[in-house]
Amino acid sequence: MINSVRGFKDIYGKEAKVWEKLEKRLRESFSLWGFEEVRLPILEKTELFQRSIGDTTDIVEKEMYTFLDKSNESVTMRPEGTASIIRFLNEHKLYGPDKILKFFYIGPMFRYERPQKGRLRQFNQAGVELLGDSTPYAEFEVLSLMDNFLESIGIKDRMLFLNNLGCPLCRQQYRKTLLEYLEQNHNLCEDCIRRKNTNPLRVLDCKSETCKETIKNSPKILDFICENCKNHMAKLEELLKMCKIQYQIDPYIVRGLDYYVKTVFEVHAKGLGSQSAILAGGRYDNLSKDLGGYDIPAVGWALGIERTVLLLPENFIEEEYLDIFFIYFNERAEKIILPPLNNLRKKGIKVSYDPSKGSLKSKMRKADKLKSRYVVILGDDEISNGVFILKNMNLGKQITLPLEKLENLEKEI
RNA sequence: GUGAGCGUAGCUCAGUAGGUUAGAGCACAAGGUUGUGGCCCUUGUGGUCGUGGGUUCGAGUCCCAUCGCUCACCCCA
């Protein structure tokens with residue numbers, strides 16, 4: 001027996017129906033907010049992710065599916081979508097002055113991590129990217145979309161956490177101050193002693209108890225950001241309040257991808273165990289330029305599909321049912337039944353039948369299991385009399401109709 | 001990469017201080033007025049107890065190894 005690869009899952013049955021509906025609802029919301037789909041490749045050049053996500057991040061350092069293809073080029077199965085969007089935008093020269101672009105994507109991402117609840121090695125994300133708008137209205141657009149969507153699919157126990165990391169200018173000042181503070185303090189865990197030098201801001205979202213204590217009294221980024229960043233944040237908060245979008249300021253949200261500036265945010269939900277973030281994102285104004293492309297401001301987020309599915313209410317999809325189940329017992333009846341049955345399907349009526357041997361009782365049981373609303377019975381007695389039986393399964397009542405009525409049976413139900 | 005827990009029928013699990021033919025519920029199939037479903041009843045199909053060693057007269061039960069799953073840390077959606 002060969003089993004699936006660790007962290008890779010089959011999705012089928014009821015779960016596949018849930019996914020189908022969730023994707024449909026996502027597309028509806030994306031379209032309402034004016035976002036267009038991009039179907040991006042799964043494989044990209046490794047360099048794209050090294051340069052965008054950041055060389056020293058965990059994702060790039062130890063979680064990527066990277067390999068050499070047959071022409072010895074290093075390629076990587078995408079661990080996220082944003083880098084690809086930027087590559088796509090520049091490759092097709094889609095940007096122009098004062099142009100605002102809105103893209104969304106849905107699809108699988110790959111990270112080599114130990115699987116646990118809400119975390120797989122192949123997982124799916126739905127993401128939006130709004131390009132060309134440096135004002136807080138960009139954040140407002142993607143966050144109002146987020147809020148409306150999550151509300152509409154019934155995810156109630158959630159909270160939007162918001163922070164501002166400052167622009168490259170003011171962050172530099174904060175980074176310096178924070179580093180000085182951390183140097184004085186010796187209560188850091190091993191990881192944070194290392195992080196201190198590579199990316200001191202990451203210390204802020206360390207979960208170890210001793211670090212938390214240290215962080216509590218650390219200088220706060222929001223006290224250091226420049227006028228420009230402050231105004232940006234204030235305007236965004238004003239817009240969110242205007243539309244009653246709930247949020248909390250959390251000065252410890254840092255994000256593990258290096259490309260973020262100014263606004264960063266995460267949506268957390270109850271019921272996921274320790275992987276409580278279902279959606280996260282922020283502003284990345286310098287990413288495109290840093291990759292050698294347009295100088296274009298950008299905001300985006302990504303939603304974890306698997307995590308969202310775990311949170312959906314039980315009644316998210318309605319029960320499947322069948323319109324008519326046909327019961328017959330021999331080839332003589334089959335000749336009468338199959339042509340009109342085939343026509344009913346062409347008319348969009350959901351029908352089924354069972355050509356195998358079996359008693360009327362067993363076929364009735366089958367009809368019941370398939371949740372058929374009606375059953376047609378055509379036995380030898382009926383054929384002799386030129387009629388068939390139509391039974392309403394919910395009412396338990398049946399009527400006898402002439403065989404001609406099989407042609408337009410949809411009128412009888 | 002680190003730690004903990006768990007692997008018994010398709011699914012959820014029970015299996016007492018190691019003892020003879022390994023159980024239940026659900027699901028599946030057939031039957032219960034030889035032409036009528038759901039509820040109920042009866043019967044049946046289905047497991048080399050993850051795998052490989054070891055201890056023992058005897059192992060699903062104890063020990064070791066191995067594989068797999070789960071949760072947590074880390075990190076992240």
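So you know, we letter chains A, B, ... as the sequences are listed, proteins then strands, and number each from 1. Just so you know, these numbers use all the heavy atoms, side chains as well, and skip hydrogens, waters and symmetry mates.
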State whether R6(A) and E113(A) are salt-bridged, where the test is any N-O pair (Lys NZ or Arg NE/NH1/NH2 against Asp/Glu carboxylate O) under 4.0 Å. no
Tell me which nucleotide among G38(B), C73(B), A77(B) gets nearest to the side chain of R255(A). A77(B)
Taking the P atom in each of G10(B) and G1(B), what is the distance between them to the nearest angstrom? 32 Å
First of A277(A) and G379(A) reached from the 5' end of RNA chain B, by closest nucleotide: G379(A)
For C28(B), the Watson-Crick or wobble partner whose two distances fall under 3.5 Å: G44(B)
Would you state whether a donor and an acceptor, one from the side chain of K391(A) and one from the base of U36(B), lie under 3.5 Å apart? yes
Contact class for D381(A) vs. all strands (heavy atom < 4.0 Å): base, sugar-phosphate, or nothing? base
OP1 or OP2 of A30(B) sitting under 4.0 Å from any side-chain N/O of S359(A)? no
Salt bridge (Lys or Arg N to Asp or Glu O under 4.0 Å) assessment of E320(A) paired with K371(A): CA-CA 7 Å; E320(A) 288 281 311; K371(A) 299 194 176 63; over 6 Å; no
Which whole number of Å gives the distance between the P atom of C76(B) and that of U48(B)? 45 Å
Do R119(A) side-chain and C71(B) base share a donor-acceptor contact under 3.5 Å? no
Between N394(A) and D380(A), which residue's closest nucleotide on RNA chain B lies nearer the 5′ terminus? D380(A)
So for E382(A) and G35(B), does any side-chain atom that can act as donor or acceptor lie under 3.5 Å from a complementary atom in the base? yes
So, OP1 or OP2 of U70(B): does either fall under 4.0 Å of a side-chain N or O from Q116(A)? no
If you compare every side-chain N and O of K117(A) against the phosphate oxygens of A77(B) (OP1, OP2), does one of them come in below 4.0 Å? no
Does this structure show an ion pair linking K156(A) with E151(A), if we count only N-O contacts that are shorter than 4.0 Å? yes
Between F149(A) and F30(A) (judged by ring centroids, cut-off 6.0 Å), do the two rings come close enough to count as a pair? no
Donor/acceptor link under 3.5 angstrom from K371(A) side chain onto base of G37(B): no
Is there a donor and acceptor pair closer than 3.5 Å between the side chain of R114(A) and the base of G68(B)? no
Indicate yes or no: does R87(A) engage E44(A) in a salt bridge with an N to O separation below 4.0 Å. yes
